[in-house]
Amino acid sequence: MINSVDLPRTLKDYRRRWGVAAKRLFADVPSLDHSHFNRIAFSINSEGSTLCHTKRRYNELLVLSSSSSSSSSSRSNKSERGVEFAVVEWDNQSDISNERGFQAQKFASSNCWGCRPFLFRGAFDPALLLDRCQEDINRDDATIIYAWPSWEDVVEIAADVDSESRIISHVPNDHASFELSWGPLTGKDMRAWLSKHKSSNTEKQRRETLVVNDIDRFYPPLADWIFDTFRFIPNWRMDDGQISLSEEGGGIGPHVDNYDVFLIQMSGTRTWQIGRRKISAHEERDRMIDGLDVRVLSGWSLKDGIEQEMEEWTVYPGDLLYLPPRVAHCGTSLSDDCMTLSVGCRAPSVSDLVSKLAEKLSSSIEDYSVLRYTDAGILKDDNPGYAPGELTLDAKVHAKQMVMDSLTSIINDDEWWDEFLGRYVTEQKRVRNNYPIPLETLLVDGESGDEDNCDEWADAHSAVQNVLAGNGALYQAEGIAFAYSSVDSEQHCGRTIHRFFVNGEMWQSESQSNVMKQSSIVRIFKIVANHRLLDRSLLLGLDGSDVPDRQDDVLSSEAIAFLEELAAAGILYGSDLL
């Protein structure tokens, strides 16, 4: 149990607390008989969950996770912008399939992705996932570590100087009263929030919600759970794991998100008012309440006679609500212990890409960037209508064509565009202080882990060799995006260029296009981008996968140097706790 007077932990303290590593789920996503999806069933009961064993890494520990039961109900039509729709509900009490709980195939069969909201009742079992700060439960001398952090964990993270947290308060039923206070939490606020879910203060006028971003970066078990639960979403699309804590009546107001989001109710209950259509950016701007530090829509109340604009649902622990972009929604807590996990899926806009493209061009010295406007025919005699004050049609056409030619030349260059997009989508989108943490910095600060194993992880070379020898594993640093790609290069005699992107940086390797087997380094690119846990079996292909260019269980020197570089930068980190 956390003492309310404990000082906030730093990021490195959290790394130590969880043994420099988190738990890992291993769950196959089985096939699904979709015939039951057409049945109509409405229920709010989230009981009847079943258990499945899931592996976790922490002192060679097996931990139980959940795969709850499910069923379906559909009462909506395919949605387009401006077309009304209704929430699709899938209820686990009427599920006739053998596989229960949230599964990618079940979600896919709803055809809701990007189109309309989807409510999955009893998708997860909080009793097996949520850390309620109970006394340690011993099973064969191993301690259970939960995939979801406790209320106290979230408050501690919100008090950390490296965290991104804020308190949003308002007077119930007054959308113009929202106020924002940025973290980190002070000692007084921290103590108040540590006990807020245990006692109700109904006399207080303003209701508060604590919102904390990047929870998965501070709490590795959550990072593993998100990674495995939402594997059907590309890594570079994933944002952070955000958790909100609300007292009864708390919320952040009606608003619109520009990205897909999964909202998982961890504890307590909440009502969601969900718009029946997508709204445009113009409508959002026109309805935004001026003078607030938070984005809140006006004219959002059932009592205002616009109940036709929204549906209202109550969610319970374990329920999952998916919302596509541009669907207005408003959540209000019905209890003092309301915890909601938000998993966002970022997507770059045209504005984002063009802004980044302009930034890149502004710092380039290539011809397509430094080319300037010229007046080739300015001194010709056959220009009788010339006037020095006129911006002529020829000048406008010439300037436009110059820009279009330069942009076309780089956008149509597949090799150039591949690098540009790969670097951009893996850049950190949040302000962070010196993250990921280089291994050298950790050692200087004395954060090398267990003193008995210090030498094994003291430098990047030792860490990689230790893993290749079968001891421990390398793990992806939490909260950053990994990706790989391949592109055929006309400039390199038809060779295929293989690239690895992380944190806005790029590594690449070339191979002959007619070579059937990939090199060791290319295979490592894919492994590091696709897996959070990298052990000897995976790196050397001992799990049965084909591993070219490997002899006597030894990776190529190029592949080893690549792993060592990532470990030195803190992009990968080693741990002997499996």
Side-chain angles (χ1 to χ4, degrees), residues 1-2 9 14 17-19 21-27 46 49 51-58 61-68 101-102 120-137 143-158 160 163 165 193-194 196-197 209-231 238-246 261-270 315-322 331 333 335-344 478-479 532:
M1 200 69 175
I2 299 173
R9 291 187 170 93
Y14 277 93
R17 178 179 182 185
W18 299 114
K23 304 180 296 295
R24 178 167 177 79
L25 296 167
F26 296 93
S46 61
S49 61
L51 308 182
C52 68
H53 285 87
T54 58
K55 293 183 178 178
R56 291 282 192 259
R57 63 174 185 267
Y58 189 79
L61 168 66
L62 285 178
V63 178
L64 289 177
S65 181
S66 96
S67 179
S68 305
F102 181 76
F120 198 129
R121 294 293 191 186
F124 310 104
D125 188 347
L128 298 173
L129 291 170
L130 178 62
D131 184 353
R132 299 183 181 276
C133 278
Q134 298 172 340
E135 294 183 359
D136 291 342
I137 303 174
T143 302
I144 291 181
I145 301 299
Y146 293 87
W148 294 352
S150 67
W151 180 287
E152 289 83 355
D153 287 325
V154 176
V155 173
E156 279 197 341
I157 294 172
D160 194 296
S163 69
S165 62
W193 275 99
L194 283 171
K196 194 178 288 285
H197 63 303
T209 293
L210 173 63
V211 181
V212 190
N213 287 93
D214 258 1
I215 293 289
D216 50 325
R217 181 165 70 98
F218 288 86
Y219 192 92
L222 180 61
D224 283 334
W225 184 84
I226 291 174
F227 183 88
D228 289 311
T229 302
F230 300 100
R231 285 187 67 89
M238 299 301 293
D239 193 15
D240 66 331
Q242 172 191 286
I243 291 181
S244 63
L245 309 181
S246 295
V261 62
F262 295 90
L263 299 161
I264 300 103
Q265 194 65 20
M266 301 169 64
S267 70
T269 54
R270 182 186 292 274
V315 294
Y316 301 85
D319 289 349
L320 175 146
L321 174 63
Y322 162 75
S333 171
S335 62
D336 285 319
D337 61 341
C338 183
M339 296 181 66
T340 304
L341 168 63
S342 173
V343 179
E478 292 75 26
R532 278 191 42 79

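We number each residue from 1, following the sequence as shown.
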Set of residues satisfying side-chain hydrogen bond (donor to acceptor under 3.5 Å, both in side chains) with respect to [X], sequence neighbours excluded:
{"X": "S163", "result": "none"}
{"X": "S244", "result": "none"}
{"X": "D216", "result": "none"}
{"X": "S342", "result": "none"}

How long is the gap from [atom1] on [X] to [atom2] on [Y], to the nearest 0.5 Å?
{"X": "W151", "Y": "L245", "atom1": "CH2", "atom2": "CG", "answer": "4.5 Å"}
{"X": "I264", "Y": "T229", "atom1": "CD1", "atom2": "OG1", "answer": "8.0 Å"}
{"X": "R270", "Y": "L263", "atom1": "CZ", "atom2": "CG", "answer": "8.5 Å"}
{"X": "Q265", "Y": "R121", "atom1": "CD", "atom2": "CZ", "answer": "10.5 Å"}
{"X": "Y219", "Y": "D153", "atom1": "OH", "atom2": "CG", "answer": "5.5 Å"}
{"X": "L194", "Y": "E156", "atom1": "CG", "atom2": "CD", "answer": "7.0 Å"}

Search all heavy atoms of [X] against all heavy atoms of [Y] and return the closest pair with its distance.
{"X": "L210", "Y": "W193", "result": "N-CH2, 3.5 Å"}
{"X": "L320", "Y": "F124", "result": "CD1-CE1, 3.7 Å"}
{"X": "R217", "Y": "E478", "result": "CA-CB, 3.7 Å"}
{"X": "L130", "Y": "P149", "result": "CD1-O, 3.1 Å"}
{"X": "S165", "Y": "A158", "result": "OG-O, 3.1 Å"}
{"X": "T269", "Y": "C338", "result": "O-SG, 3.7 Å"}

Inset, instruction - Give the C-alpha distance, both sets of side-chain angles, the deciding distance and a yes or no for side-chain contact (heavy atoms from CB on, under 4.5 Å) between L341 and L222. - result: CA-CA 10 Å; L341 168 63; L222 180 61; 3.9 Å; yes
Inset, instruction - Please state whether the rings of F102 and F262 are parallel, tilted or perpendicular, taking 30° and 60° as the class boundaries. - result: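 Because their plane-to-plane angle is over 60°, the rings of F102 and F262 count as perpendicular.
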Inset, instruction - Verify, without hydrogens or angle tests, whether S335 (side chain) and G268 (backbone) share a donor-acceptor contact under 3.5 angstrom. - result: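 Side chain of S335 to backbone of G268: no pair is present.
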Inset, instruction - Any chance you could lay out the ring-ring contact (aromatic ring centres under 6.0 Å, His included) test for F120 and Y322, step after step, and finish with the verdict? - result: CA-CA 8 Å; F120 198 129; Y322 162 75; over 10 Å; no
Inset, instruction - List in chain and number order the residues that pass side-chain contact (heavy atoms from CB on, under 4.5 Å) with D239, two or more places apart in sequence or in another chain; answer none if no residue qualifies. - result: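 Partners of D239 under the side-chain contact (heavy atoms from CB on, under 4.5 Å) test: R346, R430.
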Inset, instruction - Could you tell me whether the side chain of M266 reaches within less than 4.5 Å of the side chain of P126, counting heavy atoms only? - result: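 No, too far: nothing below the 4.5 Å cut-off.
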Inset, instruction - Verify side-chain contact (heavy atoms from CB on, under 4.5 Å) between Q242 and V211, making sure each step is shown before the conclusion. - result: CA-CA 7 Å; Q242 172 191 286; V211 181; 3.5 Å; yes
Legend entry - Residue pair D240, D214: steps toward the side-chain contact (heavy atoms from CB on, under 4.5 Å) verdict: CA-CA 5 Å; D240 66 331; D214 258 1; 3.5 Å; yes
